[in-house]
Amino acid sequence: MSHTPASTTAPTTVPTTVPTTTPAVPAAVPAGPEAAETEASATYAVARERSRVLDELIDTHAAREPARFRMLTGDRPTGPLHIGHYLASLRNRVRLQDKGAETFVVIADYQVVTDRDAVGAIGDNVHGLVVDYLAAGIDPARTTIFTHSAVPALNQLMLPFLSLVTDAELRRNPTVKDELALSGGRPLSGLLLTYPVHQAADILFCHSRVVPVGRDQLPHLELTRAIARRFNQRYAGGQGVFAEPEALLGEVPLLLGTDGTKMAKSRGNVVNLRDTADETAARIRAAVTDGERRITFEPERRPAVANLLTIAGLFLDESPAVLAERVGDGGARALKELVTEAVNESLADHRRRRADLARDPAYVTAVLHEGNARAAAVADRTLATVRAVMGMSY
Ligand code: TRP
């Protein structure tokens with residue numbers, strides 16, 4: 001575990017990862033109440049297209065230019081990871097790591113208290129995340145796993161970064177607004193308001209260029225890009241101290257939980273990676289379907305059935321429509337058996353490795369300590385550059 005990421009000092013000339021000419025947004029954007037939504041989906045379509053190009057570039061170039069595709073992503077340690085995390089993000093992280101991109105994974109522990117009053121079982125949750133990362137195939141020799149509370153220089157970057165954003169910008173961040181709405185009438189804390197800036201520090205401290213995220217995190221990435229740009233302009237005389245990172249949107253469609261609503265651990269409708277095969281079977285057996293006997297793949301009309309087919313399809317790498325044909329008149333019962341088998345067989349190795357790691361907690365802790373030390377060294381260098389360009393080296 002002696003790997004140190006290649007030079008993380010700031011590039012002076014910033015190569016563009018993805019061509020900045022983006023596909024044209026339709027000119028005639030309606031001005032009615034749907035305007036905002038239409039605009040959001042047009043922006044999303046652009047982001048998807050850029051992600052697709054980026055993904056191709058990673059295929060062809062990451063192995064030769066690992067620093068140009070340095071990747072950072074992360075999770076809040078609020079509980080165990082479920083199959084949605086596995087399908088939408090864990091598998092993808094391993095794929096990118098294996099393509100040769102330098103990778104960082106932040107366990108965003110300070111973000112836990114953005115929308116709740118207590119940290120909960122944070123030590124166990126952090127440990128559990130590291131176990132799931134390792135079990136999924138994240139290799140600690142190539143990927144730096146760290147908690148941001150253990151990297152002081154990263155947190156200090158938040159101060160100059162906060163000077164680059166306005167309160168109006170923070171207040172209109174749609175993700176912050178949604179999280180505030182979901183936090184049950186809690187007043188907006190300073191940390192919830194400013195956590196997108198903290199997230200920018202997570203991304204920029206290691207000069208990461210590729211940020212695999214879900215759609216909900218796109219506003220944070222836009223803000224990160226603005227912070228990088230403004231820092232270069234205002235404090236660095238136009239030098240490219242920070243490059244603007246790109247979002248890498250996953251291919252996985254939004255998955256529903258076993259009750260047919262959004263998959264979320266807070267709703268108790270998930271299959272966790274650490275669940276046993278029997279717990280998985282019980283959970284899937286209890287999943288809602290509908291009254292129609294014959295199984296068909298019709299996402300609009302039959303969302304719950306389509307969701308189960310989608311999950312099985314993702315695990316089996318098959319099209320959900322083909323699986324629907326195969327189940328056909330077998331009905332909900334056969335469908336659930338198919339899903340259970342797909343999940344349990346696909347996760348068998350993961351769960352075995354998980355159990356092995358659970359017997360060696362000292363190793364898991366050592367991985368985290370090593371990652372924290374590596375991240376701290378990178379952050380120290382970046383902070384030194386920031387202080388130097390701001391004339392703060394005394
Ligand atoms: N906010 C992210 C989430 O809730 C987690 C996160 C923290 C993150 N820092 C990050 C994701 C930096 C990407 C990049 O899922």
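When a ligand or atom number is given, it counts from 1 through the structure's own listing order. Note that the structure is predicted; figures quoted are calculated from it, not measured.
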Discussion item. For D167, is there an ion pair with R171 - N to carboxylate O distance below 4.0 angstrom?
Written reply: yes
Item to complete: If you have a sec, work out which protein heavy atom is nearest atom 8 (C) of ligand 1 and how many Å separate them, to one decimal?
Response: Q199 NE2, 3.5 Å
Item to complete: Output yes when D132 and R354 qualify as a salt bridge under the 4.0 Å nitrogen-oxygen rule, no when they do not.
Response: yes
Worksheet item: For ligand 1, which part of H198 has a heavy atom less than 4.0 Å away: the side chain, the backbone, both, or neither?
Response: neither
Worksheet item: For ligand 1, which atoms sit closer than 4.0 Å to a heavy atom of A108?
Response: 7 (C)
Discussion item. What protein heavy atom lies closest to atom 5 (C) of ligand 1? Include the residue and the distance to one decimal.
Written reply: G74 O, 3.6 Å
Item to complete: Give yes or no for whether the N/O distance cutoff of 3.5 Å, strictly under, is met between Y195 and ligand 1.
Response: no
Worksheet entry | For atom 14 (C) of ligand 1, the option (of L72, D202, D109, V105) bearing the nearest heavy atom | L72
Worksheet item: Are H350 and Y86 close enough that their ring centres sit under 6.0 Å apart?
Response: yes
Practice prompt. Please write down residue, atom name and distance for the protein heavy atom closest to atom 4 (O) of ligand 1.
Written response: R76 CG, 3.7 Å
Discussion item. Looking at D275, is its backbone amide N or carbonyl O close enough to the side chain of N272 to form a donor-acceptor pair, meaning the two atoms are under 3.5 Å apart?
Written reply: no
Discussion item. Closer than 4.0 angstrom, basic N to acidic O: yes or no for R50 and E246?
Written reply: yes
Worksheet item: Centres of the H198 and F161 rings: under 6.0 Å?
Response: no
Worksheet item: For ligand 1, which part of Q111 has a heavy atom less than 4.0 Å away: the side chain, the backbone, both, or neither?
Response: side chain
Fill in: Nearest protein heavy atom with distance in Å, relative to atom 2 (C) of ligand 1
Q217 OE1, 3.4 Å
Worksheet item: Which of the numbered atoms in ligand 1 are below 4.0 angstrom from a heavy atom of V211?
Response: 13 (C), 14 (C)
Fill in: Criterion salt bridge (Lys or Arg N to Asp or Glu O under 4.0 Å) against D115, the qualifying member of K177, R186, R76
R76
Worksheet item: V106 heavy atoms, cut-off 4.0 Å: which ligand 1 atoms fall inside?
Response: 9 (N), 10 (C)
Worksheet item: Are F146 and F205 close enough that their ring centers fall under 6.0 Å?
Response: yes
